[in-house]
Amino acid sequence: MAMMPMAIILLFAILLAGGVSSAESSYIEYNTTQRIVPGKINVHLVPHSHDDVGWLKTVDQYYFGGNNSIRGACVQNVLDSVISALFDDKNRKFIYVEMAFFQRWWRQQSNAKKIKVKELVNSGQLEFINGGMCMHDEATPHYIDLIDQTTLGHKYIKDEFNQIPRVGWQIDPFGHSAVQAYLLGAELGFDSLFFARIDYQDRAKRLKEKTLEVVWQGSKSLGSSSQIFTGIFPRHYDPPDGFTFEINDVSPPIQDDVLLFDYNVQERVNDFIAAALAQANVTRTNHIMWAMGTDFRYQYANSWFRQMDKFIHYVNQDGRINALYSTPSIYTDAKYTENVQWPLKTDDFFPYADKPNAYWTGYFTSRPAFKGYVRVLSAYYLAARQLEFFKGRSASGPNTDALADALAIAQHHDAVSGTERQHVAADYALRLSIGYKEAEKVVASSLAFLADSRSSTEQKNSVTSFEQCPLLNISFCPPSEAALSSGKSLVIVIYNSLGWKREETIRIPVSSERIVIKDSEGREIESQLIPLSNSTLRTRSQYIKAYLGKKPRETAKYWVAFSVSVPSLGFSTYIVATTKETDGRSPTISTMHTYEASENNTIEVGQGSLKLLYSADKGKLTRYVNTRNSVTAFAEQSYGYYSGNDGTDKDPQASGAYVFRPNGTFSIKSENQTPLTVVRGPLLDEVHQQLNSWISQVTRVYKGKEHAEVEFSIGPIPVNDGIGKEIITQITTTMRTNKTFYTDSNGRDFIKRIRDFRKDWDLQVNQPIAGNYYPVNLGIYVQDDSTELSVLVDRSVGASSLADGQIELMLHRRLIHDDIRGVGEVLNETVCVSEGCDGLTILGKFYLRIDHIGEGAKWRRTVGQEIYSPLLLAFSEQDGNDWMSSHIPTFSGIDPSYSLPDNIAIITLQELENGKVLLRLAHLFETGEDKEYSVMASVELKKLFPNKKIKKVTEMSLSANQERGEMEKRRLAWKVEGGGGESKVVRGGAVDPAKLLVELAPMEIRTFLIDVDYIQLCNSLSLLPSAKVIHSHFDGCYNQIFINLLSYMGFSVALVTLKLVENTSTAFGLQIKDKTEEITREEDDDDIDLLEEDIVRTSVNGIPAIGFSNRVNQLLIKDMELTVVIKLLGRKIGYATLQNKIHSLWKPSQPFRLMDIENGYYLAKFQNVGNFERVLSLGPWIVYGQYLTVQPWSIEFNPSKPYPNMVMAWIRLPGLPGHIFARMTVYVNLGKALTSKVLINGIPQRIEYEHLPTACFSCGHYGHKQDICPKSGLFNNHRKKASREKKQFRKIDLIQEKTTLQTTPVTIDLGCSSKNTTGDG
């Protein structure tokens, strides 16, 4: 009996051997044809590789495979291998996401290879999904950065491949925002969105209820008009267990060679079908998706594709289910075809936890310095693109591209999130720094160009130099700190990137108190000196040395604060000049008082409406009072910290870069015996508090503001006790907020949060602190029945309301344990100088305000924009006082009479490489958020581009890669369970090509490509084209000259063609169509028919010339009846500055047209007689202390003359009794000698002329000074001669002052033409 089993075994082996010997092994052609089979489960296999744009290694190391001791990952190998595998089988497919990597790879390919790859793209084998430069984070970036990085990637795909991504693929970010759904999903034209990470409790419920796939409406304002089909993977973004096939993966491959052992085809087919059925049981419809890949897979792509080929072949042979190569786009179409209803999802998917004690809410604050740096440069990039547009994009020279690329990859979900390794964070920061340096040149050159008052041709070689201060946050600004040499002044040009005028108080560090501040009119303005605190000086000293490797040459002693007014999308200029100790002029030095802890009194801080009350003995804020709106509330602010869990209890989860797991809460009490120092001054008050050696703060209350600004300094956080710490601040009130608070979604929509509650499932509370933390990029607020408390931030932070009436912000983290989520490094940021390394110190700000219920939204939205886009400061030097005479002191890029509505922001204004303008406008308010501003708003494009002719406006998708209309036509209309209850969503209408008015509904962002004509290219034209003008614009301005001329006269050109043609007799000739062209006047619809004989073509010295017939000239002259000629005496002035100034002076009832001609002259054409006569009859008009000459246009006007003959001017007769008249306006003939005396009632009276800066005291003529007078003979001995002349000729006194005195006309005889007087005559 014992031998029987062996015999059976031997017999089986013999039979098996015989069977094998008769079998054949040969090539198998796998059938991978794509097909969807109705009635069967269709398994969509989606090959992909998730390639982090930096994490454990830098982006470049990941690309070329460097630093493999950390991880063996090489994206270059992935793409090489995948492309080769796709060539092998036309049925294979692959999706790719990260354009930052694909760009690098594409640049290295041959033209022949590129042609083949484009065929793969066009056939759908290779599909770009998501399409941004990276797979961005969704918690910590600002929405503008998300748009920019996506636009950059989509533009690359469109330009290079003419493709438009259809699907969002956010598989790895650690929670998902509402903005991702509606803005970075539906508004891009995406048909669907897929991701993996949601809360483990949420996933469990969705698996059970088959609600992993939903229709997501992320915006309550835009509702179903911006919804998106969303799929959540049932597990991670990898295949089911047993189906990963990278080299060294443990999943068993299909072995289908009958000559080899371990033949397992049926076994593996059964495994495949079982996994598919399991997923089908939790998914609606008979379509399921397998994400076939994970991090940095397909480095040897054949190992994956070979197995998928086999599975598709054998599973389909089996016939129970159907498998196919697919993409998310194919999967989406299949789902849509099923025509079923889907569950509705609103709000977002924050916070995310993958285990009971593992809430990924720590990264909302991790690496706060890097988060702040990204935010600062985001705003700088926005401003730099605007300035680049105003100057004109240059094909060569500096540009903003490097900063765009650096900011784009910084939005990666392991970059701005703060979850990367330290050397990778340093690499991101280095790239940002390099990008900033290049963009800094763009800003400096653009400001120099715009500020230079010379003509556009001269400006190309502007020598004006500007410096900027990127380390101003640590009180370091070399140009403002440097001692000014004799006769020098500091010039500060302040740029405002917002669409509304801003009035703010700015601060710069200075080294001396002997200074004065002057505005663009040359007037001294109030300023305040604030001594730098010891804490500021310590931080400044350490970090300048850390950043620059050396100590600064100058030592700043003060902040000087002064108020500025800056026009929308424009700049203003301010001057810092030195004073002598003897003249008594200097800023107000702030008073300082330090309160002892023993003092028992209340301290009131604030010069304006806002008052903050402090307790002197406790050193704490106690009350908030706004005298304007009668808001008064108890308010207290404090600091504390959570000790980071070290993971040594029964659950090994520690607090780390990703995870926030507190292990106790500790308040931080003041260790200082002098807890409060109050600084007071005319512009702002400050409260300085030093809690301990590593936490201090300054609370500022500005006179003209109704919010408090809190600037904190935290660090180095001590960890020598072996405990990691997570630093918080709390603002506490007595408001009854019922567990409810509101946080923003990437700076856009505010989402309602309820403590210990989730709308989508019954929350099991395991972490009552970390589980109630949410990301904040703009702000957080709480409210009760009567009051609301708002806090705004300057970067991404984690925040919550853990008690009613309280707001809590996490400001800094330093931990000493890893949270076991893959980064493999503790979050312990240090800064190293020669003395050694210490923990990182963070400088940051937050802003708080208390309002009546319903009144806080306007402050949150408008001030939130101002926090995101701070004023940009640029510094230069001037000799003496020549800056204002040689530069334009104020500028606005939009019509000076116009500003954007308070609820609209320009978030993109950029000139593209093709010359088109990319414009994005954003409505800042949600539906129902504010009774005044949550309404439809409109923007006048003509006012945004006042000096340009808008030829065409095309509305685009959010990323500008397709026309909006075409996108809407293709949009899939998903059905929602219980749908139909939503009220109709109203959005802005189409843009009328004539009115060019853009409407925006609440929370709407609209994107446009605008074709413009840069009219100024030909604006040196006088009234009729001269040979000189035609020659200088010989290469294409004939047509524009003619059209501009007639357009200026009030005509709309329907069809005019003037073009250069080859001519045998001259180098070039002019050709005009034989057909009579039609030109229509806008105002009265009169027509002018241009006949062949109306245009005379000649040549002057070989230069083509155009002349018009007397008939046409008379018609054009008639249309000049309401036109005045203006010129500013004594200095040059730019077009935009002049337009700003005269609009505010004249205040016309209807818009007027301004045209820049030559020699400093301008023409202003009015629409009605009233405005025309008012400008001529009133005055004199004074701009920058100089006369603005105004005279009616006439045919004799000659723009070559240096100045007009007749000028309306102020004169004084100082010898008359004051009750008769002190000053009068007269018409002065500048072509004749100025009268210095007049006899009145037989008594000689001296005449003083105001605002005539270049009058000769010798001959009495205007236009030159005495020392160069041709009649005086003073060239060699002017001092002696001048003494004798003064005795013979009364000096004409020049008085520089501004007056607003109104006068009535009275004719008098003074030997010159008088206009009016004041007094009794």
Side-chain angles (χ1 to χ4, degrees), residues 144 147-148 150-152 154-155 158-159 164 187-189 381-395 399-400 404 446 450 497-499 568-570 892-901 904-923 937-968 987-1000 1004-1019 1040 1043-1044 1047 1052-1053 1135-1136:
I144 294 179
I147 295 171
D148 286 342
T150 304
T151 299
L152 204 61
H154 283 196
K155 183 179 185 302
K158 181 69 173 177
D159 291 348
I164 299 171
E187 294 297 299
L188 292 173
Y381 175 53
L382 183 149
R385 284 180 290 170
Q386 292 179 359
L387 288 167
E388 186 178 40
F389 163 71
F390 292 136
K391 178 189 176 187
R393 184 181 175 95
S394 174
N399 55 53
T400 58
S446 298
L450 296 170
S497 61
L498 295 183
S568 53
L569 269 77
S892 177
I894 66 177
D895 190 306
S897 66
Y898 185 68
S899 64
L900 285 182
I904 300 296
I906 295 175
I907 62 173
T908 308
L909 179 59
Q910 178 180 9
E911 182 181 350
L912 303 178
E913 296 91 333
N914 60 9
K916 294 186 178 183
V917 179
L918 177 62
L919 173 70
R920 281 195 192 89
L921 300 168
H923 199 300
S938 60
V939 174
E940 298 179 55
L941 293 184
K942 291 180 181 178
K943 298 290 182 68
L944 286 187
F945 302 95
N947 303 323
K948 299 173 179 65
K949 179 183 178 183
I950 298 175
K951 296 194 298 183
K952 184 180 180 182
V953 177
T954 307
E955 181 163 16
M956 307 296 288
S957 66
L958 184 69
S959 62
N961 66 344
Q962 57 185 315
E963 291 191 19
R964 177 90 193 192
E966 294 301 313
M967 181 189 84
E968 293 295 344
R987 300 184 70 136
V991 178
D992 186 301
K995 295 180 180 179
L996 295 177
L997 201 68
V998 176
E999 296 178 330
L1000 292 102
E1004 192 172 16
I1005 295 178
R1006 300 184 72 175
T1007 303
F1008 301 93
L1009 285 181
I1010 302 178
D1011 293 81
V1012 297
D1013 267 345
Y1014 292 81
I1015 296 173
Q1016 68 269 26
L1017 293 177
C1018 299
N1019 71 353
Q1040 193 62 54
I1043 292 173
N1044 288 352
S1047 295
S1052 175
V1053 180
Y1135 178 92

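Across all non-hydrogen atoms, the minimal contact from Ser957 to Met967 is CB-SD, 3.6 Å. The minimum heavy-atom distance linking Ser899 with Ile894 is given by the pair CA-CD1, 4.2 Å. For Gly988 against Glu1004, the heavy-atom pair with the smallest separation is N-OE1, 3.0 Å. When all heavy atoms of His923 and Leu1000 are compared, the pair lying nearest together is CD2-O, 3.2 Å. For Leu387 against Ser446, the heavy-atom pair with the smallest separation is O-OG, 3.4 Å.
Annotation: the span from Leu912 atom CG to Gln910 atom CD amounts to 5.5 Å, rounded to 0.5 Å. Here Ser568 contributes atom OG and Asp895 contributes atom CG; the two are 9.5 Å apart, rounded to the nearest 0.5 Å. The CD atom of Gln386 lies 9.0 Å from the OG1 atom of Thr908; values are rounded to the nearest 0.5 Å. Atom CG in Asp1011 sits 8.0 Å away from atom CG in Asn914 (nearest 0.5 Å). To the nearest 0.5 Å, the span separating CZ on Arg920 from OG on Ser959 amounts to 7.5 Å. Distance check, rounded to the nearest 0.5 Å: CD1 of Ile950 to NZ of Lys952 gives 14.0 Å.
A salt bridge links Lys155 to Glu913: at least one charged side-chain nitrogen sits closer than 4.0 Å to a carboxylate oxygen.
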Verify side-chain contact (heavy atoms from CB on, under 4.5 Å) between Ile1005 and Ile147, making sure each step is shown before the conclusion.
CA-CA 11 Å; Ile1005 295 178; Ile147 295 171; 4.2 Å; yes

Give the C-alpha distance, both sets of side-chain angles, the deciding distance and a yes or no for salt bridge (Lys or Arg N to Asp or Glu O under 4.0 Å) between Glu187 and Arg1006.
CA-CA 9 Å; Glu187 294 297 299; Arg1006 300 184 72 175; over 6 Å; no

Run the side-chain contact (heavy atoms from CB on, under 4.5 Å) check on Phe1008 and Val998 step by step: do they pass?
CA-CA 10 Å; Phe1008 301 93; Val998 176; 3.6 Å; yes

Full working for side-chain contact (heavy atoms from CB on, under 4.5 Å) between Phe389 and Leu569:
CA-CA 11 Å; Phe389 163 71; Leu569 269 77; over 6 Å; no

Audit row: Glu955, Glu963, side-chain contact (heavy atoms from CB on, under 4.5 Å) steps and yes/no:
CA-CA 6 Å; Glu955 181 163 16; Glu963 291 191 19; over 6 Å; no

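Between the side chain of Tyr898 and the backbone N or O of Pro946 there is no donor-acceptor pair closer than 3.5 Å. Remark: the backbone N or O of Ile164 is not paired with any side-chain donor or acceptor of Gln962 at under 3.5 angstrom.
A heavy-atom distance below 4.5 Å is not found between the side chains of Leu958 and Thr150. Counting heavy atoms from C-beta outward, Leu918 and Lys916 have side chains that stay 4.5 Å or more apart.
The side-chain contact (heavy atoms from CB on, under 4.5 Å) test with Val939 is passed by exactly one of Ile906, Leu997, Ile904: Ile904. Val917 pairs in a side-chain contact (heavy atoms from CB on, under 4.5 Å) with only one of the listed residues (Leu1009, Val1012, Leu944), which is Val1012.
With Tyr381 as the aromatic partner, Arg385 meets the cation-pi criteria of under 6.0 angstrom to the ring centre and within 45 degrees of the ring axis.
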